[in-house]
Amino acid sequence: MTTPISHPFYLDCDTGIDDALALAYLLASPQADVRGIGTVSGNVSAAVGARNTLDLLQLAGHAHIPVALGAHDPQAGTFHGGAPHVHGANGIGDVSLEAADAELVPGTAAEMLVRLAHEHPGQLRILAVGPLTNIAQALRLDPELPRLVQDITIMGGAAFAPGNITPVAEANIANDPEAAADVLAADWDVTLVPLDVTMSNVLEESHRQELLAAGHPVPQALGDMLGYYFRFYESQFGRACSAMHDPLAAALAVGGVSAAVAPVVRVDVDTTDGPGRGQTICDLRGRYMDYPEQPGARCRVVLELEGDFAPHLVEVLQSLSGPEGTTAAWSVGAAVA
Ligand code: RIB
Ligand code: CA
């Protein structure tokens with residue numbers, strides 16, 4: 001059996017239940033060597049997301065991975081307060097994890113990203129599963145960033161699918177359209193994982209039960225968190241299940257799953273103040289007609305997946321192994337400061 005090649009990864013997130021799943025997926029993947037994590041306001045504030053990330057890392061036995069605090073406010077405007085109705089008051093489904101001993105590292109998330117890109121020229125891979133404020137900031141800090149990183153995978157946007165914040169805008173893009181416009185205009189190898197594919201690959205209650213039954217505290221805690229997430233998605237799917245936004249982006253980034261349909265097209269972000277604000281305008285006219293490649297067509301937009309994602313996700317999360325003595329240190333419904 002050949003050992004998969006491991007790539008250095010920078011994760012940018014707004015942790016978040018599905019962000020927690022994406023983090024756990026990366027930690028369980030031999031193809032990913034997570035070198036740093038930055039947080040941004042989205043599902044929760046950047047500070048609460050950082051706390052959640054540190055606590056999850058400790059539970060997973062990876063407390064050594066540095067976490068940097070990122071932007072609290074988007075490029076234009078102020079943080080809107082998060083999505084407690086989706087992710088719980090603490091962002092992780094009101095599951096209370098043991099507080100991590102580790103502290104945040106000095107410096108901003110954007111500074112961490114730029115430093116990692118210089119430390120691993122041509123090798124660093126970025127997975128961004130929150131608003132793109134930190135990534136846009138990093139581009140301003142070092143315009144050479146696109147040349148230095150291998151690629152960037154972004155969970156965000158909606159191509160043919162409706163939005164989940166406005167009729168046309170998806171949350172990660174809607175929370176900072178100006179940053180998203182900058183990031184999608186940069187000249188790098190970019191993959192967009194929009195709602196088209198994340199809403200059509202769902203995790204069912206049977207999968208959640210498999211996580212709860214796993215012999216490791218991380219999948220068990222994730223199973224608990226998913227109880228909250230499922231209650232939100234019940235109104236949309238009519239049964240206990242959930243979309244799989246961020247872990248699907250993680251799996252595509254590491255190559256654990258493959259895209260079946262993923263045209264490389266031009267993507268613009270609407271930054272006007274009209275009803276289209278935050279929309280990802282993907283030039284998919286080639287779907288219906290013989291259409292010549294457009295200038296600026298550099299974004300791979302994942303529209304359909306090969307195979308069934310949920311069983312793969314469960315299998316990868318079940319394979320998590322921690323150091324000896326990792327214990328189940330969490331409780332559901334406990335008060336969170
Ligand atoms: O629209 C879904 C995205 O918004 C996910 O990344 C979720 O975690 C939230 O950030
Ligand atoms: Ca997220």
Side-chain angles (χ1 to χ4, degrees), residues 9-29 32 34 37-44 46 48-50 52-53 56-57 60 67 70 82-83 86-88 91-93 95 109 125-135 152-158 161 164-165 170-176 180 183 190-203 207-208 211 218-219 221-223 225-226 228-230 232-233 241-257 259 280 302 305 309-310 312-314 316-317 320:
F9 264 84
Y10 166 82
L11 172 66
D12 201 88
C13 51
D14 56 336
T15 320
I17 296 171
D18 59 328
D19 303 75
L21 285 155
L23 169 59
Y25 184 96
L26 286 188
L27 296 178
S29 301
V34 183
I37 302 175
T39 63
V40 62
S41 296
N43 295 321
V44 286
V48 172
N52 291 341
T53 305
L56 281 160
L57 286 172
V67 180
V86 186
H87 295 269
I92 49 173
V95 170
R125 310 188 69 188
I126 302 173
L127 174 62
V129 294
L132 294 166
T133 322
N134 294 333
I135 313 295
I152 175 168
T153 301
I154 297 166
M155 190 282 128
N164 60 1
I165 291 291
E170 178 279 333
N172 287 340
I173 309 297
N175 281 328
D176 196 339
V183 171
V190 55
T191 296
L192 195 66
V193 184
L195 293 176
D196 303 66
V197 69
T198 66
M199 287 295 284
S200 53
N201 284 276
V202 296
L203 202 75
H207 301 121
R208 190 176 85 85
L211 293 177
V218 171
L222 293 170
M225 293 175 204
L226 282 165
Y228 197 103
Y229 209 45
F230 276 27
F232 168 73
Y233 276 105
C241 67
S242 75
M244 285 287 92
H245 309 294
D246 296 351
L248 180 50
L252 283 159
V254 305
V257 292
T280 43
V302 181
L305 213 61
F309 176 56
H312 168 76
L313 175 64
V314 170
V316 170
L317 295 178
L320 265 169

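What's counted below: heavy atoms across the whole structure, side chains too, no hydrogens, waters or symmetry copies.
Between I135 and I154, every side-chain heavy-atom pair lies at or beyond the 4.5 Å cut-off. Within the 4.5 Å cutoff, no side-chain heavy atoms of C13 are placed close to those of L23. Within the 4.5 Å cutoff, the side chain of H207 has no heavy atoms near those of the L313 side chain.
Across D14, N43, D19, T15, a single residue satisfies side-chain hydrogen bond (donor to acceptor under 3.5 Å, both in side chains) together with H87, and that is N43. Screening L192, L195, L248, T191 for a side chain to side chain contact (heavy atoms under 4.5 Å, CB included) involving M155 leaves a single residue, L195. Exactly one of L317, V218, D246 qualifies for a side chain to side chain contact (heavy atoms under 4.5 Å, CB included) with L21. That residue is L317.
Between the side chain of T153 and the backbone N or O of L127 there is no donor-acceptor pair closer than 3.5 Å. A distance-only check finds no donor-acceptor pair linking the side chain of S242 to the backbone of F230 [under 3.5 Å]. Under the 3.5 Å distance criterion, the side-chain polar atoms of R208 are matched with a main-chain donor or acceptor of G223. Panel note: side chain D176, backbone L132; no donor-acceptor pair is recorded below 3.5 Å. Of the possible polar contacts, none joining the D18 side chain to the P247 backbone as a donor-acceptor pair under 3.5 Å is found.
Scanning all heavy atoms of the two residues, the minimum distance from A171 to N164 falls at N-OD1, 2.9 Å. The two atoms that bring L26 and A250 nearest to each other are CD2-CB, 4.2 Å, heavy atoms only. In terms of heavy atoms, G16 sits closest to I92 at O-CG2, 4.2 Å. Here the shortest heavy-atom pairing between M244 and V202 reads CG-C, 4.3 Å. For the pair A109 and G38, the tightest heavy-atom approach, listed with the atom from each and the gap, is CB-CA, 3.6 Å. G157 and T280 make their closest contact through CA-OG1, 3.4 Å (heavy atoms, listed as atom of the first residue, atom of the second, distance).
For Y25 and H312, the ring centers are positioned less than 6.0 Å apart.
Annotation: the span from Y229 atom OH to L222 atom CG amounts to 12.0 Å, rounded to 0.5 Å. In this structure, the separation between CG on N175 and OG on S41 is 9.0 Å, given to the nearest 0.5 Å.
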Side chain to side chain contact (heavy atoms under 4.5 Å, CB included) between Y228 and V95, intermediate numbers included: CA-CA 9 Å; Y228 197 103; V95 170; over 6 Å; no
